[in-house]
Amino acid sequence: MTNNPELDVLVIGTGAGGAPLLARLAAAGLRVLALEAGVRHRPAEMPTDEVAQAGLFWMDERLSAGKDPVGFGRNNSGRGVGGSTLHYTAYTPRAQPDDFELLKEFGQGVDWPLSYADLEPYYDEVEQFLGVSGPSEYPWGPPRQRPYPHPALPLNGAALLMEQAAQQSGIRTSAAANAALSRPQEQEGYGLRPACSNRGFCQAGCSTGAKASLDVTYLALAEARGATIWEGAQVTKLLMKGGRVSGAEFVRGGKTQTLHARQVVLAAGAIETPRLLLLSGVGNSSEQVGRNFMAHVGVQVWGLVDDDLRPYKGIPGGLISEDFHRIPGLVGGYLLQSLGVMPVTYATQYARGTGKWGAALSEHLSQYNHVAGINVLGECLPYAGNFLELSSELDERGLPKPLIHFSFGENEHRMAKHAETVMRDLWAKIGAREVWALPRAAHTIGTARMGHDPSSNVVDAFGRSHDTPGLWICDNSTFPSSLSVNPGLTQMALSLRTADALIAELKA
Ligand SMILES: Cc1cc2nc3c(=O)[nH]c(=O)nc-3n(C[C@H](O)[C@H](O)[C@H](O)COP(=O)(O)OP(=O)(O)OC[C@H]3O[C@@H](n4cnc5c(N)ncnc54)[C@H](O)[C@@H]3O)c2cc1C
């Protein structure tokens, strides 16, 4: 049994929510420790081999229900020091101001309890710190305070084709903001991160440190400033004392241990965070824990072309269009992004999306070097029927598995259809021989929503629990709406904002 009464803050999870906050708290001189279920995956130990890299993903079984059951596992969440950023594509667009005000604009969805202006300084800080590479001019959203710290990265084969097709269709595109370096950058606590070598296996882990996963950026800074990270430590319960959260019980090296702290930050992601809250019976007087689960409309459209594209090569996240940020008749909109894809991931997505198997699948995969993909991230509204609950099935620790109910609503179906038509047209423009769509939902969002009203939200606008002192939540679970962009940058900005509120409270 371990006990450390001196700890100011205990952080659970070291992904996009946990890591920036850990660094900020440590830099403020607070005594902080993070418990991370996964282990360290150092860049030099990342083989260019998707199968060997399965350890980057959260593979414990999650049960899926509903009309559009979400495929978990390698599809959508990470496990390791750095969380899902170890395998993210590192697309880092900002949300647009109106993303935070869907209800005001459409009378549907939910408004955030904060605005773009509240997040803007944090967006800027994160982009500079990670070393985001991006365009000097970006056609969408408000003007930036400062340019991106590095020029945009080169486009891969699919991105070049998408750019050509979009030009013919009158759709504007731009090189995307991507948190991989186009020039070397010194990183406190890590050393020199080199420029990206275009290896292309970003989603199997970057082997050079060029991609800004959080292990080589905010977590390196956190440790340099005195934070402690315990890897391989899976929290199984939040502990209460005197009506407040006082620490956590966790399993490390086969032993059950406990740690106590003045404040606890839950940053375990949008599935494990509500699961832990429900398992512990904490923070749920609103009865909203687990509710409002969202996953982006993520349909992909692929084209078969003559060019030898080698889809595994180059930056997988290169080209973007936000021309469909608003679509008449729909609530919200979507962005278009070019794809790069590794072979096993592609085979899995193709088999899942088309139901093809055996000889038909093998035959299709023989053309892998000639496939070009585009995908969308579209707004998903929060629905009462989309939620996480504890299943009666138990995992190997004897804890209930999470069961996630998910069905797209009318808006999501219409958006996916709209996007599919746009993308099919794009591939038709450049003469693709065959075009097919893979329906998909992307990212895990919602389940511990932030908002002003304690009766319908789990945390406040800073991530502070409405009903349980000592508890903060800082991960994708707190998003009130899905936003029509990739969630990573917004999550890191929120993390710094939560850290500032926490520091203010601890130092008051
Ligand atoms: C394939 C893929 C590509 C992506 N690409 C992009 C992209 O290009 N751009 C973008 O913005 N976003 C992208 N994302 C999404 C992005 O990675 C996530 O939105 C973001 O990392 C979520 O942050 P989080 O803190 O909520 O969770 P995570 O980053 O997943 O961190 C949660 C951490 O908590 C740990 N944990 C969980 N339970 C426990 C427990 N009980 N005890 C201790 N530790 C625990 C986990 O191991 C994990 O390390 C991608 C995601 C995937 C899956």
Side-chain angles (χ1 to χ4, degrees), residues 10-21 34-39 41 55-60 71-95 126 132 176-180 202-204 211-215 219 229-238 248-252 265-276 279-280 296 298 315-318 320 337 339-342 345 349 375 377 397 399 402 442-448 473-479 482-483 485-492 494-495:
L10 177 64
V11 180
I12 300 167
T14 58
L21 171 137
L35 295 173
E36 167 54 55
V39 297
H41 302 268
L56 295 182
F57 297 88
W58 190 279
M59 300 301 277
D60 297 9
F72 290 103
R74 295 172 66 96
N75 185 42
N76 56 16
S77 58
R79 182 191 196 106
V81 175
S84 300
T85 67
L86 291 167
H87 60 71
Y88 78 157
T89 315
Y91 266 122
T92 39
R94 294 180 178 190
V126 174
V132 171
N178 189 296
C202 315
Q203 292 178 1
K211 184 179 87 166
S213 50
L214 292 174
D215 53 335
L219 294 175
I229 300 172
W230 284 2
E231 59 182 307
Q234 183 158 343
V235 173
T236 46
K237 195 178 170 189
L238 297 175
E249 177 189 274
F250 59 99
V251 179
R252 191 173 189 226
V265 179
L266 191 45
I271 305 293
E272 295 309 313
T273 279
R275 182 180 180 217
L276 270 173
L279 283 171
S280 313
H296 282 120
I315 293 287
I320 190 167
Q337 286 172 334
L339 292 171
V341 69
M342 302 175 294
T345 303
Q349 287 176 353
N375 100 142
L377 289 182
R397 296 200 160 84
L399 299 174
H443 304 129
T444 56
I445 302 169
T447 67
I473 301 179
C474 186
D475 55 30
N476 280 181
S477 66
T478 67
F479 281 33
S482 69
L483 309 174
V485 290
N486 316 65
L489 183 78
T490 300
Q491 182 56 64
M492 293 181 218
L494 286 169
S495 177

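Counting convention: from 1, in listed order, for ligands and their atoms alike.
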Indicate yes or no: does an N/O atom of G18 lie under 3.5 Å from an N/O atom of ligand 1? no

N/O to N/O below 3.5 Å, does that happen between D475 and ligand 1? no

Suppose the criterion is salt bridge (Lys or Arg N to Asp or Glu O under 4.0 Å): which pairs have a residue in residues 267-276, not counting sequence neighbours? R62-E272, E272-R275, R275-D395

State whether the shortest distance between N or O atoms of G269 and N or O atoms of ligand 1 falls below 3.5 angstrom. no

Taking only residues two or more places apart in sequence, or in another chain, which ones meet N178 in a side chain to side chain donor-acceptor pair (under 3.5 Å)? none

Distance-only N or O hit between ligand 1 and G17, under 3.5 Å: yes

Can you check whether R79 has an N/O within less than 3.5 Å of an N/O in ligand 1? no

Is there any N or O on H87 that sits under 3.5 Å from an N or O of ligand 1? no

Heteroatom distance test (Y88, ligand 1): nitrogen or oxygen, under 3.5 angstrom: no

Provide, to 0.1 Å, the distance between atom 18 (C) of ligand 1 and the closest protein heavy atom, together with that atom's residue and name. N476 OD1, 3.7 Å

Under a 3.5 Å cutoff, is there a donor and acceptor pairing between the side chains of R252 and Q234? no

For ligand 1, which is the ligand I care about here, please tell me if G488 has any N or O atom under 3.5 Å from one of the ligand's N or O atoms. yes

Any N or O of A90 closer than 3.5 Å to N or O of ligand 1: yes

In terms of relative ring orientation, are F57 and H87 parallel, tilted or perpendicular, with 30° and 60° separating the classes? parallel

How many angstroms lie between atom CD1 of I12 and atom CD of E36, to the nearest 0.5 angstrom? 11.0 Å

Is I12 in polar range of ligand 1, meaning some N or O pair under 3.5 Å apart? no

